[in-house]
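Reminder, nothing fancy here: chain letters follow the sequence lines and each chain counts from 1. Here the structure is a predicted model, which means the values were calculated and not measured.
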Amino acid sequence: MLTTGSKLLIGATVVSVISAILFGITVDGPGATVGVIGLLSAAVAFGLIAGINVYVRDSNAPAMEPGVEHTCAAARQPSGASGWPAVAAVGVAGLAIGAVSRPVVFLVALVVVLAAIVEWMVQAWSERASDDTGYNATIRGRLLHPLEFPVLATLGLGALIYGFSRIMLSASKDAGRWLFIAIGALFLAGAVVVAIYRGAGKRTIAGVSALAAFAVVGVGVASAVQGQRDIEAHPAPSCLSNEEGEGDHGAPKAPSDTAGVYATIVLTDSDFYAVLGNWNGPDKIAYHQLSVPRNARVSLVFLNQTSEPARLTARLGKFGDAAESVECTAMVEADGEGYLSIKAVNVPLASTEPMQLQLGGEEAPAIEIQVP
Amino acid sequence: MLAHLPRRRAAAALAILGFLVAGCAKNAPQDIFRPAGSNAREIDDGLGGQKYIFILAGVVAAIVIAVVLFIIFKFKDRGQDIPEQTHGNPMLEIGMTILPAIILITVAIPTVAKIFNLAKSDDAACVVNVTGQQWWWEYDYPVQNCGGIEITQPIVTSGEMVIPAGVNVQLRITSRDVIHSYWIPRLNGKRDAVPGSLQPLRMQADQPGIYTGQCTEFCGLSHARMRQAVVALDSDSFATWVANQEEAYTSPTDALALEGEGQFISQCARCHQINGLTNSDGTPVLANPEQNLVSGAAPNLTNLMTRTGFAGFTFDLITDACREKLWNAPSEEFSALYLQGVWMDSPAGAEYPVCFNETALREWLRNAPGMKPMFVDPNNLSSTGGLYRGMPNLGLTEAQIDQLIAYLLERK
Amino acid sequence: MAIIERPSAVPTFAGAGANAPAVVTPTQGLGVFKRPVAASGWKSWVFTVDHKKLGIMYGVVSMFFFLVGGVEALLIRLQLAAPDNTVLSAQVYNEMFTMHATTMVFLFVMPMAAAFANYFLPLQIGARDVAFPRINALGFWLFLFGGIFINTSWVLGGAADGGWFMYSPNSSPLFSPGHGVDFWVLGLQITGIASLVGAINLIVTVLNMRAPGMKLMHMPMFTWMVLVVQFLLAFAMPVITVALFLLGFERNFGATFFNVDAGADPLLWQHLFWIFGHPEVYIIILPSFGIISEVLPVFARKPLFGYKFVVFSGAGIGFLGWGVWAHHMFASGLGPVSVAVFSVATMLIAIPTGVKIVNWTLTLWGGKLWFTTAMKFAIGVIVLFTIGGVTGVTHAVAPSDTQQTDTYHIVGHFHFVIVGGAVMGLFAGLYYWWPKMFGKTLNEKLGGWNFWLMFWGISITFGAMHIVGMQGQPRRMVVWPEKLTGEGFFNLHFWNQVATWGAFTIAVGVAFFIVNVVVTARKKERAPLDPWDARTLEWITASPPKEHNFDVIPTVHALDEFFHRKYEEVEHEDGHVKLMKVKTAEEILAEEEARADAHIHLPSPSYWPIVLAFGLPIIAYGVIYNLILSFVGAAIVLLAGFGWALEPSVAEDSDYDPPAGGDSTKELATIG
């Protein structure tokens with residue numbers, strides 16, 4: 001037989017499902033999907049609570065075990081200490097604050113309140129299930145652990161990962177690299193220590209782990225407050241380059257050793273020329289014009305062999321009066337190398353500006369781009 | 001079991017014979033055991049070469065099969081006692097581990113040498129960019145001295161790549177859309193065309209001739225109809241070919257062909273470029289394939305009639321009989337025949353080329369996707385944002401086709 | 001009839017003092033629902049967690065997919081029988097070869113190996129079930145639903161058309177706009193979960209549940225090879241899972257993992273796919289190696305030659321298999337250094353594989369060979385796998401491989417390995433273990449037809465493909481043109497026709513197997529308990545085995561325990577020692593039954609594995625059609641998870657009829 005509370009909750013489930021269907025049929029427009037999902041979620045939540053409630057018979061121990069109220073002393077025992085009323089109170093306060101401030105606060109508070117209600121209900125029921133406290137704890141754990149463990153684990157891991165990500169985002173790129181290595185090494189060392197000293201108490205290990213976790217989260221919070229380092233913007237779609245000093249520092253010097261490089265653009269004190277990639281021909285020609293297949297993405301390596309930083313600009317033409325002229329650039333320090341990936345969409349004849357690889361300004365030396 | 005034995009032996013012998021028969025003779029145009037250039041020979045010859053390891057593999061397989069057959073015959077249950085329950089013989093086993101290791105070392109060392117030989121690029125006297133897209137290959141020749149012949153302006157062609165015979169040509173392969181693979185079995189192994197990356201491949205043909213191949217990386221709907229060929233010409237003929245490719249455009253004089261030029265500008269020039277073609281006001285006609293095609297490229301038709309195949313070298317521009325003649329021509333006659341192309345066998349001053357396969361070209365202009373499946377249904381282009389993958393059916397009238405063919409016949 | 005352990009007596013906690021109130025603990029089971037207890041009818045199959053029933057279901061379903069994949073293969077061969085043929089359109093042909101490979105690899109060979117592993121691994125190590133029986137059931141249902149899900153794409157707008165290797169960018173929505181690839185990605189994710197949970201389950205089973213006395217080096221070879229395969233699966237499936245997620249996100253949520261214009265590299269997919277794909281080859285072949293390592297010693301009446309060598313070479317293949325993936329990419333342009341390294345590594349793997357061939361051959365040497373159908377199939381594996389293996393070595397040589405890769409030569413090579421090696425081995429297993437599974441021996445005469453037709457069919461079909469490839473015909477081509485056939489009688493045309501005829505020969509061979517199954521099922525005669533004079537523990541049980549497998553868990557003293565219980569060395573009158581049969585299988589089984597365990601614990605069936613598995617394809621349909629459906633599927637998965645966690649650990653006594661009598665809890669008959 002269903003208890004009163006269960007009927008109420010089952011009713012709520014049914015109403016949510018029906019309203020979801022009605023909402024789905026009647027409401028159109030951008031909010032429809034969100035509404036249906038919301039109502040379905042409510043139905044699932046009500047259904048879950050209803051199920052628990054049916055199982056615990058409205059937390060009515062006698063209903064589960066007739067006569068138990070006479071044989072057990074549970075009713076006479078004082079209830080154990082419980083933090084859930086306090087949590088629920090905080091949650092309700094959060095609801096009020098959220099209602100007048102930001103929706104996200106309201107949502108979080110709602111989750112807290114719902115969690116507190118479920119926990120509170122199950123705890124209250126389990127404490128009166130029998131007078132065997134061990135059994136009561138088991139039955140509570142059996143019901144709630146499948147819910148608690150994944151949620152707590154997700155929250156805990158989430159905090160760790162979030163903290164770690166903040167650290168990595170605020171550290172400079174070089175520091176981040178070393179940090180990553182250091183943390184990984186520390187982790188490995190810790191694991192080795194645990195594996196070797198099997199005698200180490202569980203408490204010690206748990207304590208150290210917890211300390212480390214708190215440290216990560218703490219530093220993460222500090223880093224979040226400090227803010228991220230500058231993250232470079234994404235390059236324009238028709239060219240990709242290592243503008244920010246990214247890319248292949250260790251790239252081989254001979255372009256033909258690098259599969260995939262279309263041409264190497266070399267700047268020396270006296271000359272500015274292109275060498276075709278993948279070709280170490282007998283007369284490795286220093287081209288002053290470069291033939292690039294139309295509409296295919298090709299990559300260029302820019303070798304700056306002078307003692308000054310230089311900027312390579314690929315002018316990829318201007319098509320039509322309204323069109324923007326397509327340009328991409330790579331800045332390369334003295335005696336360094338850079339990377340540029342270009343795509344010539346149309347032939348030079350169609351462009352109102354010359355298509356060329358150029359150094360810096362308009363008057364600087366240039367390599368003509370030919371698109372057959 | 002015994003009854004099966006002779007049958008089995010006979011069949012095994014037959015199978016081995018079959019392999020041998022398949023290996024030699026027979027003139028299949030893409031036979032991997034008929035190298036016609038230094039790179040394919042590098043793959044084929046010596047320890048670590050194709051021939052050696054095939055024979056080695058055959059011998060090992062034959063030994064194992066022979067031993068198994070012997071065992072089947074010798075140790076059949078004839079009521080003998082249950083054999084001794086031996087668990088092995090470590091020395092024998094170690095020996096049988098080391099033996100294949102030694103055999104493999106004899107293969108491994110020359111293999112590594114061959115890998116590096118085939119990756120060399122410092123002896124290549126010419127460079128050609130090869131770009132794959134659904135479902136044809138484009139070749140462009142940068143300005144250079146190609147094996148002694150000066151190329152003074154970039155040449156672009158498609159389907160068949162013309163190279164000088166005896167010269168090691170460096171291909172630089174890439175793709176505009178999906179991954180393809182360039183393979184001319186008689187000249188070298190395969191190399192994938194990967195978008196965004198440039199892959200090297202050496203090509204050298206000893207003798208003038210045509211060496212066909214096929215795209216070998218699955219590339220979608222018409223993968224089977226993405227073919228290619230390398231045409232090797234002797235040095236003089238190659239120079240002639242280059243000069244012909246660089247010749248300036250001349251407008252047709254024939255009335256029908258002149259109408260065809262108009263048709264081309266209105267129907268074809270959206271995607272297909274013909275270098276030097278101008279509008280009536282003298283402005284150049286520029287194709288905009290990037291606005292119509294996913295790959296952003298369509299074959300350049302400036303010198304269509306110098307080729308022997310079209311639509312990804314899938315269909316012949318020359319008739320079957322002429323193709324047979326060309327493909328089987330002795331190497332010393334090949335270059336001249338190839339340069340004649342569709343005009344092969346035609347008497348001097350003839351109006352119409354004898355070898356021209358008009359049927360195929362006409363059918364193609366009538367309904368291209370009917371001949372070669374392509375992604376060109378105008379009602380079903382939402383996934384590509386309205387861009388085609390291949391040539392759509394243009395719905396040309398027979399009169400328009402007549403004009404276009406007359407015009408294209410002069411693109412030589 | 002289910003046999004369960006009666007729940008232990010109600011614990012009573014004596015009060016500390018006389019005036020303390022009596023402590024009462026409720027006795028009822030914990031959890032929301034009861035567990036199913038049906039011992040017959042469809043419920044006994046659908047809710048079962050019995051490894052033997054699951055094994056049979058795996059077998060039946062994968063045999064069905066074998067036929068599906070076979071029909072796809074025949075259609076492909078029909079299309080290629082003549083130049084410029086029009087049996088299939090280009091689009092349908094592309095879908096056909098994609099699904100042929102996908103079906104055969106993921107829905108036939110892998111689950112068929114799982115069928116044998118499920119059924120015989122616990123029996124071979126003397127266990128009563130696997131370590132996680134409900135997970136085992138989940139694995140099966142995921143495989144079934146995943147397989148059905150992928151194949152529904154045929155009627156929902158066309159199957160995947162990118163080839164089973166699904167190279168990017170050809171698999172991106174721009175180049176494959178239909179939903180076929182989405183079905184493929186999501187379906188493989190689902191079957192991937194099945195493989196992964198199955199792998200963990202079997203690893204734990206082997207490591208923890210061996211009978212007393214069974215050291216790792218006393219395990220039957222099939223168990224060993226299955227163990228190696230499960231480790232390969234446990235490490236390989238995550239890789240393909242990641243790859244499929246990347247592809248799925250690219251297709252459904254606009255990610256750009258393989259998009260060149262966003263600075264990515266399409267080769268990333270190839271590396272991910274083949275880091276999974278090459279171990280996958282060994283996942284496919286090693287179970288078959290295990291099976292024939294069981295079959296050959298039994299019918300040669302000799303132990304496996306060099307047991308330790310075979311174990312270590314199997315494990316060696318498992319390790320080396322991770323270092324050779326790029327030999328699938330010799331033409332991809334990796335650069336000479338990588339190519340050289342992978343070329344040599346690939347040659348290395350030929351060594352442990354060669355060790356196996358040598359050991360099998362030497363197992364037969366000096367034996368007393370009995371040519372049953374199972375034995376014929378096993379010897380067939382040696383011959384055909386050797387041919388496939390040596391052509392494999394020719395592909396390890398990278399320069400040579402650049403001529404052969406992506407031609408029919410490769411197709412011929414790996415079909416020799418997979419059909420001639422793996423599939424023939426699985427058939428050997430079917431003929432060998434059929435009497436154990438169903439209590440009836442398959443007809444040997446029909447088996448002979450089955451074997452010879454398949455053997456010659458395989459040799460002809462894939463032999464011809466080798467030649468077709470050498471003549472330069474690439475794979476995955478819907479048509480091959482007349483002008484490339486070459487001259488002479490033995491031209492491309494001829495060999496393509498031969499391959500097609502061979503394919504139909506294989507089909508007829510498989511038809512003989514099906515006829516054999518029907519004929520065997522109809523015949524009344526039961527198989528003897530030990531029809532093959534076998535050597536390993538599974539033959540100590542009844543045929544088919546009782547639900548709890550062993551009346552008493554056997555204690556193991558030696559490799560080939562069963563053989564050593566049957567045979568002893570007896571001194572003859574003339575003084576020389578001779579191996580004699582001292583006990584029959586019936587006598588050994590009777591002994592075991594006589595001292596049967598009083599309390600046997602077996603897992604109870606469960607409703608939840610099938611429910612949970614059912615939620616996943618619904619999520620997948622939702623991803624393709626409407627995300628709301630995904631929420632429904634997720635709710636099903638969530639609720640099934642809770643049902644799973646909360647259901648009672650065993651069915652209650654009250655769910656069963658009362659015991660027939662006495663104190664024994666063994667004979668609890670089920671209600672309904």
Side-chain angles (χ1 to χ4, degrees), chain B residues 1 15 21-22 26-32 43 48 50 53-54 57 60-61 64-65 67-68 71 75-77 80 82-83 85 87-88 93 96-97 100-101 104 108 111-112 114-116 118-119 178-179 181 185 189-192 194-196 199 214 216 218-221 223-224 373 383-384, chain C residues 90 163 167 169-170 173-175 177 260 301-303 305-307 309 331-333 336 339-340 343-344 347 351 354-355 358 361 364-371 382-383 386-387 390-391 393-394 397-400 402-403 406 463 467 470-472 474 476-479 484 486-488 490 579:
Chain B
M1 193 64 214
V21 168
K26 287 214 314 55
N27 214 16
Q30 290 171 204
D31 194 329
I32 61 174
I43 290 174
Q50 202 175 217
I53 48 167
F54 266 72
V60 171
V64 173
I65 292 171
V67 170
V68 169
I71 289 173
F75 298 107
K76 178 182 172 4
D77 185 354
Q80 67 263 45
I82 301 252
Q85 302 292 299
H87 283 274
E93 287 162 41
M96 293 306 272
T97 312
L104 285 174
T111 297
V112 172
K114 281 177 186 297
I115 290 170
F116 283 93
L118 287 163
V178 302
I179 298 176
S181 192
K190 305 171 184 68
R191 184 51 43 94
D192 285 3
V194 181
Q199 316 270 26
Q214 158 79 38
T216 45
F218 178 65
C219 57
L221 199 55
H223 166 60
S383 62
T384 58
Chain C
Y167 273 7
N170 195 36
L174 183 60
F175 297 107
V260 176
R301 313 283 177 39
K302 269 180 76 205
F305 189 90
Y307 171 87
F309 259 73
S332 297
V339 168
S343 186
V344 173
M347 289 178 199
I351 296 173
V355 166
V358 167
T361 318
L364 299 178
W365 190 276
K368 177 175 152 84
L369 306 186
W370 180 13
F371 295 108
I382 300 183
V383 170
T386 301
I387 297 173
V390 294
T391 55
V393 175
T394 68
V397 177
S400 160
T402 58
Q403 286 285 23
D406 277 321
I467 299 168
M470 289 194 267
Q471 293 185 356
R476 300 170 187 137
M477 296 209 312
V478 57
V479 290
L484 293 176
E487 292 154 15
F490 293 106
L579 208 57

- Task: With side-chain contact (heavy atoms from CB on, under 4.5 Å) as the test, would you mind laying out the steps for C:D406 and B:S181 before giving the verdict?
- Result: CA-CA 9 Å; C:D406 277 321; B:S181 192; 5.7 Å; no
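Nearest heavy-atom pair across B:A61 and C:T386 is CA-CG2, 4.1 Å. The nearest pair of heavy atoms linking C:G163 to B:F218 is N-CE2, 4.2 Å. For C:R301 against B:P83, the heavy-atom pair with the smallest separation is O-CG, 3.3 Å. Between C:P336 and B:I115, the closest heavy-atom pair is O-CG2, 3.6 Å. Residues C:S332 and B:D192 come closest through the heavy atom pair OG-OD2, 3.4 Å. Of all non-hydrogen atoms in B:I43 and C:P399, the two that sit nearest each other are CG2-O, 3.4 Å.
With hydrogens and angles disregarded, no donor-acceptor distance shorter than 3.5 Å links the side chain of B:Q50 to the backbone of C:T394. Judged by distance alone, with hydrogens and angles left aside, the side-chain atoms of B:K190 form a donor-acceptor pair with the main-chain N or O of C:Q403 at under 3.5 Å.
Contacts between C:V397 and chain B at a heavy-atom distance below 4.5 Å involve backbone atoms as well as side-chain atoms. Heavy-atom distances place both the backbone and the side chain of B:P185 under 4.5 Å from chain C. Residue contact with chain C, scored on non-hydrogen atoms closer than 4.5 Å, involves the backbone and the side chain of B:L104 alike. C:P303 touches chain B through backbone and side chain together, each having a heavy atom under 4.5 Å away. The part of B:A119 that comes within reach of chain C is its side chain, from C-beta onward, which places non-hydrogen atoms under 4.5 angstrom from that chain. With a threshold of 4.5 angstrom between heavy atoms, C:V339 approaches chain B through its backbone and through its side chain. Heavy atoms closer than 4.5 Å to chain B are found in the side chain of C:S343, but not in its backbone. Only the side chain of C:V344 comes within less than 4.5 Å of a heavy atom in chain B; its backbone stays farther off. Interface residue C:F175: backbone and side-chain heavy atoms are both found under 4.5 Å from chain B.
If you tally non-hydrogen atom pairs under 4.5 Å between each of C:L364, C:V390, C:V479 and chain B, the highest count goes to C:V390. Contact count versus chain B (heavy atoms, under 4.5 Å) is highest, among C:A398, C:A340, C:G306, C:P173, for C:G306.
Looking at heavy atoms from C-beta onward, B:I71 lies in side-chain contact with C:L369 at the 4.5 angstrom threshold. C:M347 is listed as a side-chain neighbour of B:T111, based on a closest heavy-atom distance under 4.5 Å. Counting heavy atoms from C-beta on, the side chains of B:V194 and C:V260 never come closer than 4.5 Å.
Rounded to the nearest 0.5 angstrom, B:I65 CD1 and C:T361 OG1 are separated by 11.0 Å. Going from atom NZ of B:K76 over to atom CZ of C:F371 covers 7.0 Å, rounded to the nearest 0.5 Å. The structure places CE of C:M470 at 6.5 Å from CD1 of B:I32, a figure rounded to the nearest 0.5 Å. With values rounded to the nearest 0.5 angstrom, C:T402 atom OG1 is found 11.0 Å from B:K114 atom NZ. Distance check, rounded to the nearest 0.5 Å: CG of C:N170 to NE2 of B:H223 gives 10.0 Å.
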